[in-house]
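Residue numbering restarts at 1 for every chain, and letters A, B, ... go by the order of the sequence lines.
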Number of protein chains: 2
Amino acid sequence: MTPLSARALPVANHQEPLQRSVPRADRVPNKKIIRELNIKVTTQRLMILDVVRNGPSHFTAQDVFEAVAARHPEIGFATVYRFLRTLSEHKYVTEVRMGGMPARYEWAGKRHHDHLTCASCSKIVEFENTEIERLQEKVAKQFGFSLTGHVLELYGICPECRAKENAADRR
Amino acid sequence: MTPLSARALPVANHQEPLQRSVPRADRVPNKKIIRELNIKVTTQRLMILDVVRNGPSHFTAQDVFEAVAARHPEIGFATVYRFLRTLSEHKYVTEVRMGGMPARYEWAGKRHHDHLTCASCSKIVEFENTEIERLQEKVAKQFGFSLTGHVLELYGICPECRAKENAADRR
DNA sequence: AAGTTAATTGCGAATGACTTTCATTATCAG
DNA sequence: CTGATAATGAAAGTCATTCGCAATTAACTT
């Protein structure tokens with residue numbers, strides 16, 4: 001269906017540009033990252049990490065499995081899920097689940113951001129709004145909570161889809 | 001595990017009180033609501049709707065199933081899921097899915113709000129912040145999207161759990 | 001009130017996304 | 001290099017939710 005819409009990810013460029021000046025984290029070799037987790041460096045982990053870091057963002061476990069399987073057909077689902085979970089637990093990747101759909105992940109070596117998703121074509125736009133972040137902290141504090149995280153996903157219809165809908169209606 | 005923490009739902013009472021002055025929608029008989037959906041009024045739908053409207057908020061399909069089954073043991077899961085989906089599609093209930101956990105629903109006859117969840121004990125606090133809502137609209141507009149919905153879930157540690165943690169650490 | 005019929009139900013099987021189990025294999029500390 | 005131990009892959013297991021379908025029932029129609 002949705003052909004990994006994340007591939008053509010529009011770059012958020014308003015308000016507070018998401019320009020990332022070659023995050024240093026992306027210089028660190030895969031091997032080192034795995035070692036830091038105090039787990040064994042295996043071929044499959046290296047391959048998975050390569051896909052995770054250098055492939056398209058907002059990928060599913062299935063995406064990773066397929067990408068790795070292309071070069072290393074013996075890979076198993078379990079291995080992908082297990083390692084993604086480890087990476088997620090250690091904040092190397094961010095896991096986002098919405099609707100009943102499979103979880104999507106993204107390498108966390110990038111600046112924090114939230115998502116604006118087109119409900120029609122599933123295109124994802126990343127954005128950051130420090131004002132919203134600030135207000136979230138404020139709300140948590142009001143209730144005596146210490147904020148540990150949040151999920152903010154906006155849904156809407158992108159300009160392109162709106163245009164298409166209008167065209168269809170006119171017909 | 002989490003014993004339906006939603007039952008003892010703390011009432012949001014800061015900033016913009018969530019006081020709901022007997023929403024008129026809650027006067028409407030179940031039968032009428034079902035009729036408005038242009039579907040048949042069946043015993044099971046009436047019972048489900050009763051639980052949904054008068055039971056605790058933030059319930060799961062399982063919760064509804066059990067509540068209905070207590071008086072009407074022949075009820076089937078499919079019936080509950082089917083009707084909850086219908087209600088959700090028609091905005092009578094709001095469906096929230098997070099983590100890998102079962103979906104939670106709530107009667108939408110109340111004022112819009114978001115959630116602040118304790119990552120430790122799963123307690124849920126409802127809050128509303130019009131400033132955040134306004135900023136969301138602004139972000140969508142920036143990217144040319146027309147906003148149709150959003151999910152904002154804050155996670156943190158509630159005062160009680162923080163106290164417990166501190167006590168445990170000191171031990 | 002009885003008949004008609006299309007919507008609805010409940011059951012069990014099916015699905016889909018993970019997760020677990022476990023026998024086999026590979027890593028790496030010494 | 002080698003053994004102790006962690007990691008892998010294949011398959012079976014979970015779990016929430018959905019589907020298929022025969023039996024039932026609500027809501028006309030007469």
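A straight line from NE2 of H72(B) to P of dT9(C) spans 9 Å, rounded to a whole angstrom. With rounding to whole Å, Y105(B) atom OH is found 12 Å from dA16(D) atom P. If you take CD of Q62(A) and P of dC18(C), they are 10 Å apart, rounded to a whole angstrom. Counting to the nearest Å, the P atom of dA10(D) and the CD atom of Q44(A) are 11 Å from each other. A straight line from CZ of F83(B) to P of dA7(C) spans 17 Å, rounded to a whole angstrom. Going from atom CG of N38(B) over to atom P of dA27(D) covers 12 Å, rounded to whole Å. At whole-Å resolution of the value, CZ in R45(B) and P in dG10(C) are 11 Å apart. Note: CZ (R104(B)) to C1' (dT17(D)) measures 16 Å, nearest angstrom.
Residue-level contact check: A61(A) touches neither bases nor backbone, having no heavy atom under 4.0 Å from any strand.
Heavy atoms only, all atoms of each residue included: I157(B) and C118(B) are closest at CA-SG, 4.1 Å. The minimum heavy-atom distance linking L147(A) with Y155(B) is given by the pair CD1-O, 3.2 Å.
In this structure, G76(A) and P102(B) both approach DNA chain D, and ranking their closest nucleotides by distance from the 5' end singles out G76(A).
Q44(B) places none of its side-chain heavy atoms less than 4.5 Å from the side chain of V68(B).
Under the side-chain contact (heavy atoms from CB on, under 4.5 Å) criterion, E66(B) pairs with Q62(B), sequence neighbours left out.
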Practice task
Please report the C-alpha distance between E133(B) and H112(B) in whole Å, then the side-chain angles of each, then the deciding distance to 0.1 Å, and finally whether the side chain to side chain donor-acceptor pair (under 3.5 Å) criterion is met.
Solution key: CA-CA 10 Å; E133(B) 309 279 326; H112(B) 166 74; 3.0 Å; yes
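The hydrophobic clustering, which links ILVMFWY residues whose side-chain heavy atoms are closer than 4.5 Å, places I48(B) and L37(B) together.
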Handout entry: Protein proximity profile, nucleotides 19-30 of chain C - base contact B, sugar-phosphate-only contact S, no contact -, cut-off 4.0 Å on heavy atoms
Key = BBB-----BS--
